[in-house]
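Single-structure report; data block below.
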Amino acid sequence: MARTLPALCLLFGFICFPYTECWEAPRFCRGYECPVYTLVQENQGFEERNYDMSYWITTDIVSTSQSDIKEGFWKLYYFNQGQNSANKEITMTRPVLVSVKEADGTGERQVSISLYQSDTDIPEPNDTTIRKTVIPAGIVYVRSFGGMASDEDALENVQQLREDLRAAGKEFIENTFDAAGYDAPWDLINRHNEVWVRSP
Ligand SMILES: *[C@@H]1O[C@H](CO)[C@@H](O)[C@H](O)[C@H]1NC(C)=O
């Protein structure tokens, strides 16, 4: 049985890890590779997910405006298209993560954009403003919403998520959040967006 399981999993399009359970990528990953997690708990308004450690490429951006996000996204996209030390074309993945860190008191924000890498052997980016990053394993609280997400939509959903977390008595990191986008800008219907808040 143990030996037939991986074959079965391949058959059904699951990714398998030896000695652990099968990972079936959620439907909102649209058949692309995306970071592996287990659903810990489905709550009123949010999911509690336990993510495995994951690898990303990241570049800082000026703000969360659509134009700054696009500029950052294209840098990361060209890295995957082959602008790297191995001249290697890397299959696109999901999601794109916009990370916001708010400095205490001043209201100043540090913003970056990241693209998930399913292969851990990541070549060096030609573009020196891109860095390779690791997100450690841990609990992430996730609120999902549809539509073409604007800056304001993301912020509203973060506020709601934080309220729901407080109501549920969950501890979380207060001054950071991520917005995860799973769809290309030209996919107009059935879009899936998430905001993430991390557990300390
Ligand atoms: C990226 O860098 C590699 C060498 O590190 C080089 O061979 C390649 O031409 C560069 N690609 C671009 C698009 O500049």
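In each ligand, atom 1 is the first atom listed, and ligand 1 is the first ligand listed. Counting from 1, the numbers follow the sequence of the chain as shown.
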**Request:** Taking only Lys NZ, Arg NE, NH1 and NH2, and the carboxylate oxygens of Asp or Glu, determine whether E47 and R143 approach each other closer than 4.0 Å.
**Result:** no
**Asked** Y51 and W196: ring-ring contact (aromatic ring centres under 6.0 Å, His included), yes or no, with the steps?
**Response** CA-CA 12 Å; Y51 272 94; W196 295 6; 5.0 Å; yes
**Message:** Would R49 pass as a cation-pi partner of Y37, given that its NZ or CZ must be under 6.0 Å from the six-membered ring centre and within 45 degrees of the axis?
**Reply:** yes
**Prompt:** Between R30 and D187, is the closest basic N to carboxylate O distance under 4.0 Å?
**Reply:** no
**Prompt:** When only distance counts, is Q83 in polar contact with ligand 1, meaning an N/O pair under 3.5 Å?
**Reply:** no
**Request:** With heavy atoms only and a cut-off of under 4.0 Å, state how N84 meets ligand 1: side chain, backbone, both or neither.
**Result:** backbone
**Complete:** Closest non-hydrogen contact found for M148 with D153 is O-OD2, 3.5 Å
**Message:** Quick test: of every protein heavy atom, which one is nearest to atom 1 (C) of ligand 1, and how far off is it to 0.1 Å?
**Reply:** N126 ND2, 1.6 Å
**Complete:** min-distance protein heavy atom vs atom 8 (C) of ligand 1 -> N87 OD1, 3.1 Å
**Item:** Minimum-distance protein heavy atom relative to atom 5 (O) of ligand 1
**Value:** S85 CA, 3.7 Å
